[in-house]
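To start, the structure itself, in structure tokens.
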Amino acid sequence: MQPRKLTQMIVPMGVVGIILLLVVPLPAALLDVLIATNITCSLIALLVAMFVKRPLDFSIFPSLILVLTLFRLGLNVASTRLVLADGFAGKVIEAFGHFVISGSLVIGLVIFLILVVIQFVVITKGAERVAEVGARFTLDAMPGKQMAIDADLNAGLIDEDAARQRRADVTAEADFYGAMDGGSKFVKGDAIASVIIVLINLIGGFAIGMLQHGLGPAESIQKYTLLSVGDGLVSQIPALLLSVATGLIVTRSTSNGDLGSEAIRQLGQNRMVLQIAGGAGIVLALIPGMPKVPFLLVGGLTIFASTLVAKRDREAAAQLELASVIAPPSPADAAESLLEEMRVDPLEVVLAPDLVDLVDTSGGGDLLERVRALRRKVALELGLVIPPVRTRDSLDLPMSTYAVRISGVEVARGLAPPGQVLALGDNLDGLPGRATVEPVFGLAGKWVPAELRHQAQLMGATVVDRASVLITHLGELVRSHAPRLLSREDVRSLVETLKRTHPVVVEELTPSVLTLGEVQRVLQALLDESVPIRDLARIFEALSLRAKQGADLDGLVEASRAALGPAVAAVHEQDGVLHVITLDPVLEQTLAEALRPGEHGANLALDALTAEHLVTASSSCLERAEGQGISAVLVCAPPLRAPLRRLLKVAVGRLNVLSYDDVSNHARIETVGSVSGVHALAS
């Protein structure tokens, strides 16, 4: 049998053997071997508990308690059978009985009872209480630990793998202390069972000795008391070792060393304590009638230990001083520290101190969870994996205020008053609260107390909680600033991911045809016009063909849009319908004649009056459509799309411009307005 399979079978075979102990009689010689095995296993468990650096390193201990307890009870049953049947239970039990009793039954019983009291009343009871409290505190601390992990992950301090490992450790710690709470009950029950078994052996052995074997009362008591006490000691010693191991495990706090090393280090961390203790021992030796040698010996050794601690402290101080002189902080170290402090987070949410409850999961705050959901949603919508969102508080912000920063620059600010919800709608004058404007859609609303949520809904208002307001605002900012959030490193990660599934497409495009920077510019331009870049393979195929004619940005972007086809227009659909604003044919012809090539693409060479009319008319059409709850796009000839977008971007940034090619394959199109050179006519 292979070693791996053998190790897998040891414990199951051992448990089956323990079950057999309860029903199958054992010879005395085999019982001696099993008793020795029991004592050795308990000693190993105790030593492992002393040398582990943290409780989770001995995570099998709760199950081990159950197995060893069952093993010991099985041995009790087997030894009781031999004691009552043969009056002999092996050399080990007999040796323990003779050694402890030493010719006196009273001494033997007293020693046994003292061991029972030590185990049951002192060690087992204390370990049980500590395990119960430890399990409760560990479970109560889980939400805070999970929140700290989520905060570190969103801040970019750890990656997904590290966060997953830390979450697993937190869960394992809670499971361990919960199991230890139950495991300590096994130890307590074992102590009670040992006392009962000894009493059964005493009473049963006394009766059997007199009734079956014809022994006198004194002889029967002498014989069976020796065996019963020996059997009890054989059981109590490993039980005591296991109880001590249980107490050590549940009372261990987090440290970087084993129990012995940490005890010596912490007890000897202050030499004055040792000096006072040693002096007190010497003073006790001066009391009349007090034995002087023991106290002088112990006091002297303690003072000697304090001198060793003083010497260690002087050497450590000298080494620290020498290190500071010989190896002062290098400029590189200082530079690295400064660079770390100078690091700018790509995306950051700053909360006023009274908004910290939004991220406190123990209090019901789910902002961090919603941020993760937002990252997933944006990735599925746009194909952009936004960077980790760092969430922190700041005393510089006014109360109830949050701010969103991109690359260290604040791009928006909003309100989320604690204990209030945002009611959106008309006729809110009857509700108390602070009037406001919803930051994304510009809707009039009012922050009202949370307890008035139901009343606001009865008045026809749409009620939104604080976290939803913040997340909606953050999502809109992420979409509008998506080009800024797409870094060169993000593009490299996208390319590497695509290369695993479409290696030929990547090899044809970069770096031989287009550099990574040029690919980044194209993807940023697509995101700037709300075009998803999820279908990266199709985009790269189009770029590799178009780049052979030239690397002008407009041409590359238009080729990418053409390759994406219906996906470009699908983003702007409402219930399967694409609402469009068209250009008057005369105006469109005028714009086509005004096209002029430029360094960064074609531009519209329009006079100021025509350009102003075009912007005003487009804005009016869009506002009328939005007033009807419609999201509309402007469509034009393909050559006009890019320059017209650049012209309208500053004044009407929310108006997307599509070409006829973008909407040619769309099934349902409704015209909601038409733009002429002088005015806009609603269709």
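- Checked by atom type and distance alone, the side chain of Arg534 pairs as donor or acceptor with a backbone atom of Leu380 at under 3.5 Å.
- Listed by first and then second residue, the salt bridge (Lys or Arg N to Asp or Glu O under 4.0 Å) pairs that reach into residues 466-476 are Asp357-Arg466, sequence neighbours excluded.
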- Do Leu347 and Val478 pass the side chain to side chain contact (heavy atoms under 4.5 Å, CB included) test, and can you show the C-alpha distance, the side-chain angles, and the key distance before you say yes or no? CA-CA 9 Å; Leu347 188 58; Val478 165; 3.9 Å; yes

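- Separation of atoms CG (Leu591) and SG (Cys636) is listed at 8.5 Å; rounding is to 0.5 Å.
- Every residue two or more places apart in sequence or in another chain that forms a side-chain hydrogen bond (donor to acceptor under 3.5 Å, both in side chains) with Arg654 is listed here: Glu626.
- To the nearest 0.5 Å, atom CG of residue Leu644 and atom OG of residue Ser659 are 11.5 Å apart.
- Side chains of Ile533 and Leu527 form a contact here, defined as non-hydrogen atoms less than 4.5 Å apart.
- To the nearest 0.5 Å, atom CD of residue Glu623 and atom CD of residue Gln628 are 12.5 Å apart.
- Distance check, rounded to the nearest 0.5 Å: CG of Leu604 to CG of Leu614 gives 8.0 Å.
- Between the Thr515 side chain and the Pro511 main chain, no donor and acceptor come within less than 3.5 Å of each other.
- Applying the salt bridge (Lys or Arg N to Asp or Glu O under 4.0 Å) test to residues at least two apart or on different chains, the pairs with a partner in residues 398-422 are Glu410-Arg413.
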- Task: Could you give me the CA-CA distance, side-chain angles and deciding distance for Arg484 and Val411, then say whether side chain to side chain contact (heavy atoms under 4.5 Å, CB included) is met?
- Result: CA-CA 12 Å; Arg484 290 180 59 187; Val411 295; 4.0 Å; yes

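- For Tyr402, the ring-ring contact (aromatic ring centres under 6.0 Å, His included) test picks out His473, with sequence neighbours left out.
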Ignoring hydrogens and angles, write down the donor-acceptor pairs under 3.5 Å from the side chains of residues 448-457, residues two or more places apart or on other chains.
none

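- For residues 377-389, the set of pairs meeting the salt bridge (Lys or Arg N to Asp or Glu O under 4.0 Å) definition, not counting sequence neighbours, comprises Glu381-Arg479.
- When each of Val440, Val421, Leu422 is tested with Val469 by the rule side-chain contact (heavy atoms from CB on, under 4.5 Å), just one qualifies, namely Leu422.
- Between Pro418 and Ser400, the shortest heavy-atom contact is CD-OG, 3.4 Å.
- The two residues Ala617 and Ser676 make their nearest non-hydrogen contact at CB-O, 4.2 Å.
- The shortest heavy-atom contact between Arg596 and Ala605 is CG-CB, 3.6 Å.
- When atom types are taken as modelled, the side chain of Gln574 and the backbone of Ile630 share no donor-acceptor pair closer than 3.5 angstrom.
- Side-chain atoms of Ser468 never come within 3.5 Å of backbone atoms of Val464 as a donor-acceptor pair (strictly under, hydrogens ignored).
- The side-chain heavy atoms of Leu397 and Leu351, taken from C-beta on, include no pair separated by under 4.5 Å.
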Only pairs under 3.5 Å count here: list side-chain donor-acceptor contacts from residues 491-505, not counting sequence neighbours, and write none if there are none.
from: Arg492; atom 1: NE; to: Glu489; atom 2: OE2; distance (Å): 2.8
from: Arg492; atom 1: NH2; to: Glu489; atom 2: OE2; distance (Å): 2.6
from: Ser493; atom 1: OG; to: Glu489; atom 2: O; distance (Å): 3.2
from: Thr497; atom 1: OG1; to: Ser493; atom 2: O; distance (Å): 2.9
from: Thr501; atom 1: OG1; to: Leu498; atom 2: O; distance (Å): 3.2

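- Judged by distance alone, with hydrogens and angles left aside, the side-chain atoms of Arg434 form no donor-acceptor pair with the main-chain N or O of Trp447 at under 3.5 Å.
- Side chains of Arg561 and Leu526 form a contact here, defined as non-hydrogen atoms less than 4.5 Å apart.
- For Thr401 (side chain) and Pro398 (main-chain N/O), a donor-acceptor pair under 3.5 Å exists by modelled atom type.
- Glu558 places no side-chain N or O within donor-acceptor distance of the main-chain N or O of Pro638, the cut-off being under 3.5 Å.
- The list of salt bridge (Lys or Arg N to Asp or Glu O under 4.0 Å) pairs with a residue in residues 538-553, not counting sequence neighbours, reads Asp535-Arg538, Arg546-Asp552.
- Applying the side-chain hydrogen bond (donor to acceptor under 3.5 Å, both in side chains) criterion to Glu348, with sequence neighbours excluded, gives Arg392.
- With Asp465 contributing its side chain and Ala467 its backbone, the two residues share a donor-acceptor pair below 3.5 Å.
- Residues Asp584 and Val675 have side chains not in contact (no heavy-atom distance under 4.5 Å, counting atoms from C-beta outward).
- Among all heavy-atom pairs drawn from Val350 and Asp393, the shortest one is CG1-C, 4.4 Å.
- Side-chain atoms of Ser618 never come within 3.5 Å of backbone atoms of Val615 as a donor-acceptor pair (strictly under, hydrogens ignored).
- Using a 4.5 Å cut-off on side-chain heavy atoms (C-beta onward), Ile581 and Ser674 make no contact.
- In this view, Ala594 and Leu606 satisfy the side chain to side chain contact (heavy atoms under 4.5 Å, CB included) rule, not counting sequence neighbours.
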- Task: Given side chain to side chain contact (heavy atoms under 4.5 Å, CB included), test Val531 with Val571 step by step and report yes or no.
- Result: CA-CA 7 Å; Val531 177; Val571 179; over 6 Å; no

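- Using a 4.5 Å heavy-atom cutoff, the side chains of Val568 and Val663 are not in contact.
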- Carefully, step by step, assess Val513 and Ser544 under the rule side chain to side chain contact (heavy atoms under 4.5 Å, CB included). CA-CA 7 Å; Val513 179; Ser544 61; 5.6 Å; no

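- Not counting sequence neighbours, Ser394 has no partner by the side-chain hydrogen bond (donor to acceptor under 3.5 Å, both in side chains) test.
- Although no hydrogens or angles enter the test, the distance criterion places no donor-acceptor pair under 3.5 Å between the side chain of Lys446 and the main chain of Pro432.
- The side-chain hydrogen bond (donor to acceptor under 3.5 Å, both in side chains) test applied to Glu588 returns Tyr660, not counting sequence neighbours.
- The two atoms that bring Asn656 and Arg645 nearest to each other are CA-NH1, 4.4 Å, heavy atoms only.
- Distance CG/Asp490 to CG/Leu384: 7.0 Å, rounded to 0.5 Å.
- Closest non-hydrogen pair, Glu438 versus Leu424, comes out as CB-CD2, 3.9 Å.
- Here CG of Asp366 is found 11.5 Å from CG of Asp360. Values are rounded to the nearest 0.5 Å.
- Using a 4.5 Å cut-off on side-chain heavy atoms (C-beta onward), Leu634 and Leu658 make no contact.
- No salt bridge links Arg641 with Asp554; every basic N to acidic carboxylate O contact stays at or beyond 4.0 Å.
- Two residues are said to be in side-chain contact when any heavy atoms from C-beta on lie closer than 4.5 Å; Pro346 and Ile406 fail this criterion.
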